[in-house]
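From a predicted model like this one, the values you see are computed outputs, not experimental measurements. Throughout, protein chains are lettered first and strands after them, A, B, ... in sequence-line order, and every chain is numbered starting at 1.
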Amino acid sequence: MSGKVVVTGMNIISSLGLDLKSNWDNLTEGRSGVRKIRLFDASDNITQIAAEVPPEFEEYSRQYIKKRAGSQMTRITRICFTCAREAIAQSGLNFENVDKTRCAVILGVVNTGNSSSEKDTTLQNSIFKNMTNAMSAWISMEYQLMGPNFVVNTACASSAYAIGLGYDMIKYGQADIVIVGGADSIINREEIAGFNALYALSVQNDPPWKASKPFSKDRDGFVIGEGAGILILESEESARKRNAMIYAEMAGYAISSEGYNIMAPMKDGEGMAYTMEKALKNAGVSTGEVDYINAHGTSTELNDRYETMAIKKVFGKRAYQIPVSSSKSMIGHTIGAAGAIESIITILSINNSILTPTINLDHPDPDLDLDYVPNKSRKKDIRTAISNSFGFGGHNATLIFKKYPNFAQ
Amino acid sequence: MVKITENIRAEVTGIIYNFFADECEVDLPTINDNTNIIKDLDGDSLMFLELIEIFKKKYNLDIELKTIGKYAVKHPVQTIGELIEMQMRIIEFENKLLETDK
């Protein structure tokens, strides 16, 4: 096992913006990206709202994607690629100056979004658009990286798994730099109907921005979001060698399976608690050191109840002193991208000493009594924070990030 | 079998030039018969297949892709000019393309 794994670049594209700054500004202002669906006519769907990436994305992306390559990508692959280009630019990396055989790409990808919402699919590009490995492949090709590039699918925990696997590759000396993260869009007629059939989605269509309300007593399901989150993980040695800005240390993580149910989490949050405990142990972090939890917080009845129970089980009485907030209240559930986007929000919270809020928490569930940072962001010094992701199929992940001592904005 | 005329040659040349200018986002005047498809235009092999489909539809050609593949192995294409010549032969000889090598 080598030295520390650090984060040297990151970027988010979501319903709240096309770059990191606009996302952060909107998150700290407590704004919602949820609107009436524009990607297709949802008037026949029970749920008619989602957190879509702004339509200005296509124009914005042209500076990063050549026309021909863009025609071979789905819209969400273009979102992922654009997000990665900017994260890499932000990291200051010049791949000509590093050993490309030691640079990898690992992304969480549930699907490529080649659905009925996708435009301009032809026989010539349908295979490329459907390849679930396309997102990591395009990034790898752009920079001629020769380390492994692959994707991992563990539903809503996919990009958290990708980050964990990237961490391991560096920790065990198999890579110096790993581009990790994920992207997802399931805003299409079929999948919304499918999730409606499972009673998983909010049906509170009006007003859209009030629908995602984690930990509220009137929560009725998650709101679908879309977007991408990309982080540059790097060995501390490599980052220091090139005088890179270090945004945070990734201290450890855990992934686990519940072996229980294809949809529901294990009762009383037992699997979630086990995952958090295992992550703390892996990172060598005590429960007393954790200053903030970025919750999975989906706004579903069971997740929010069980995640609260799990946090209490792991942290005991101290659970009441740890702020817990859900970014999904503002950007919806970005499925395969959620783990990465929320990890980045966690790191930004550490570096800016600001907790992003859980918005729409006007009527708290009396059974859920932790500090969920209701409705308004808050100043707080954060040295260690965790990010939870839990997926259909019982895929759990907890990632742990620490403030990097020399970080200065 | 299509009898090649000057009009057909001009039409095929125009389609190929415009296809590469459009797909590779380069100005049309920068393309000539000596332009290297990979090195100069950052093109790819899929473009070749897309052009074959365009011409198959346009001239109602009876030719199998494997025939073209076998021919291309013996006559690799690197430049726009070479590609035009190959497309002319495909249009002219269709499935008898390989016989022209004998």
Side-chain angles (χ1 to χ4, degrees), chain A residues 56-82 84-86 88-89 94-96 100 105 112-114 118-146 149, chain B residues 12-32 35-69 71-72 77-80 82-84 86-87 90-91 94:
Chain A
E56 297 77 25
F57 165 76
E58 294 295 352
E59 180 65 33
Y60 174 75
S61 69
R62 286 193 190 109
Q63 63 185 301
Y64 298 103
I65 307 175
K66 287 181 182 168
K67 181 188 166 191
R68 180 157 181 86
S71 73
Q72 294 171 347
M73 301 177 185
T74 58
R75 177 172 160 275
I76 193 62
T77 302
R78 292 195 294 275
I79 289 172
C80 181
F81 185 82
T82 302
R85 288 287 308 270
E86 193 51 45
I88 291 163
N94 179 350
F95 286 106
E96 298 309 313
K100 291 184 183 181
V105 187
T112 61
N114 195 20
E118 178 66 18
K119 295 181 176 67
D120 303 323
T121 297
T122 64
L123 276 177
Q124 275 78 25
N125 65 21
S126 67
I127 298 297
F128 305 129
K129 285 190 171 193
N130 278 327
M131 286 165 51
T132 48
N133 57 316
M135 293 187 202
S136 65
W138 280 111
I139 295 168
S140 184
M141 285 188 292
E142 177 67 19
Y143 298 98
Q144 294 100 46
L145 306 182
M146 296 171 72
N149 91 74
Chain B
V12 168
T13 301
I15 287 171
I16 289 176
Y17 269 54
N18 280 294
F19 176 85
F20 280 100
D22 190 38
E23 290 293 324
C24 301
E25 295 176 276
V26 297
D27 292 333
L28 190 58
T30 65
I31 299 177
N32 59 55
T35 302
N36 188 293
I37 295 167
I38 305 292
K39 288 178 185 168
D40 299 331
L41 297 176
D42 198 20
D44 58 58
S45 56
L46 190 63
M47 290 171 156
F48 181 61
L49 297 177
E50 288 176 28
L51 277 166
I52 287 170
E53 286 303 315
I54 289 169
F55 290 121
K56 274 177 81 170
K57 279 181 192 161
K58 183 164 185 63
Y59 297 109
N60 195 25
L61 300 179
D62 174 23
I63 186 163
E64 291 185 40
L65 198 56
K66 66 181 179 185
T67 303
I68 298 171
Y71 185 83
V77 164
Q78 293 188 341
T79 66
I80 293 287
E82 290 167 351
L83 180 60
I84 291 169
M86 179 180 282
Q87 291 291 356
I90 290 169
I91 292 166
E94 301 180 64

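Residues of residues 58-67 of chain A lying within less than 4.5 angstrom of chain B, judged on heavy atoms, are A/K66, A/K67 in numerical order. Contacts of residues 124-138 of chain A with chain B at a heavy-atom distance below 4.5 Å involve A/Q124, A/F128, listed in sequence order. Using a 4.5 Å cut-off between non-hydrogen atoms, the part of residues 36-44 of chain B that approaches chain A consists of B/D42, B/D44.
Within a 6.0 Å sphere centred on CE of A/M146, other residues, nucleotides and ligands contribute 12 heavy atoms or fewer.
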I would like to know whether B/E53 and A/T122 meet side-chain contact (heavy atoms from CB on, under 4.5 Å); could you show each step before the answer?
CA-CA 12 Å; B/E53 286 303 315; A/T122 64; over 6 Å; no
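For chain A, the nearby part of B/E25 is the side chain; its heavy atoms alone come within less than 4.5 Å.
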Quiz: residues 12-19 of chain B side-chain donor-acceptor pairs under 3.5 angstrom, not counting sequence neighbours:
{"from": "B/T13", "atom 1": "OG1", "to": "B/R9", "atom 2": "O", "distance (Å)": "2.8"}
{"from": "B/Y17", "atom 1": "OH", "to": "B/D33", "atom 2": "N", "distance (Å)": "3.0"}
{"from": "B/Y17", "atom 1": "OH", "to": "B/D33", "atom 2": "OD1", "distance (Å)": "2.6"}
{"from": "B/N18", "atom 1": "ND2", "to": "B/G14", "atom 2": "O", "distance (Å)": "2.8"}

